[in-house]
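First comes the structure, then the notes that go with it.
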Amino acid sequence: MDKVWIGLIGVVVGSALTVLREYFSEWRANRTDARYLAVRLTCLLENFVGECFEVVCDNGEYDDRDYLTPTVLVPKLNINEVDGKWQSLPFEFMYEALNLPNCLTKSNEQISLAIEYGDGVPAFSDFFNERQYQFSILGLKAATLSTKLRKKYSMPAKSYGNWKPIERFIENKNKYEASKKGIFKAL
């Protein structure tokens, strides 16, 4: 009878060790996939932050008709460029990253409305204000997600040196929102 118990315990312990080994191996592979994806995504996001900053700093130039026109093109965000196993990321990060292109589309729609219903020629100030505001918000979202990914996956913090895009985004966003509050108070 003792041999039966010893044999049974051996089978249970052997099975448990096999399951644990497979679980640990899968966990380690998933962690490696997530870290790789986080690095790729962070690089894409930080490039997008830089492009948003250029838009926020764009006050336009007058063309030959004396209309103020942008000097910087609207950035594109092709999240599909980032290859990797997306399911390896925590849901929150995956959602934020995959939703950013939708936010970009919505921002472009808001900017289009400012062109269509704004103050118009020659300065297009409503257009430029809306454009800078929308890209301040997008830049903040991208920078925030990049910071979260860096923290979660132990990447070094991003150093902008003398370049201060986050501060510029926040300043521009607050200025725009304060001006909108003033408009609504006047009404």
For the residue pair [X] and [Y], what are the closest heavy atoms and their distance?
X	Y	value
G60	T71	C-CG2, 4.1 Å
K76	F48	O-CD1, 4.0 Å
A34	L89	O-CD2, 4.0 Å
L45	S146	CD1-N, 3.9 Å
G139	C52	N-SG, 3.8 Å
L73	R131	C-NH2, 3.9 Å

Are more than 12 heavy atoms from other residues, nucleotides or ligands located less than 6.0 Å from atom [atom1] of [X]?
X	atom1	result
Y62	OH	yes
K148	NZ	yes
K106	NZ	no
E61	CD	no

Flag yes if [X] and [Y] sit in one hydrophobic cluster, no otherwise; membership is Ile, Leu, Val, Met, Phe, Trp, Tyr, and two members link when side-chain heavy atoms are under 4.5 Å apart.
X	Y	result
I137	V74	no
L113	L104	no
Y153	W86	yes

Side-chain heavy atoms of [X] within contact of [Y], under 4.5 Å:
X	Y	result
L41	I79	yes
E51	N47	yes
T147	K158	no
E130	D126	no
N78	L44	no

Is there a donor-acceptor pair under 3.5 Å between the side chain of [X] and the backbone N or O of [Y]?
X	Y	value
D33	S88	no
N172	Q132	yes
R40	E81	yes
N99	Y95	no

Candidate list I111, V49, D58, test side-chain contact (heavy atoms from CB on, under 4.5 Å), partner F135, passing option:
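For F135, the side-chain contact (heavy atoms from CB on, under 4.5 Å) check succeeds only for I111.
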
Consider only side-chain N and O atoms of Q134 and N108, and report whether a donor and an acceptor are under 3.5 Å apart.
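No pair is found: no donor N or O on one side chain lies under 3.5 Å from an acceptor on the other.
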
Spatial distance of atom [atom1] ([X]) from atom [atom2] ([Y]) [nearest 0.5 Å]:
X	Y	atom1	atom2	result
Y160	R168	OH	CZ	15.0 Å
K175	S136	NZ	OG	9.5 Å
L145	K152	CG	NZ	13.0 Å

So F93 and L149, side chain to side chain contact (heavy atoms under 4.5 Å, CB included) or not? Walk me through it.
CA-CA 8 Å; F93 297 149; L149 287 167; 3.9 Å; yes

Stepwise salt bridge (charged side-chain N to carboxylate O under 4.0 Å, His left out) check, E46 with R150
CA-CA 11 Å; E46 289 172 0; R150 284 178 171 280; 2.8 Å; yes

Pick from F169, F128, Y176: which one makes a ring-ring contact (aromatic ring centres under 6.0 Å, His included) with Y133?
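Option passing the ring-ring contact (aromatic ring centres under 6.0 Å, His included) with Y133: Y176.
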
Parallel, tilted or perpendicular, judged at 30° and 60°: which one describes the rings of F127 and F124?
perpendicular

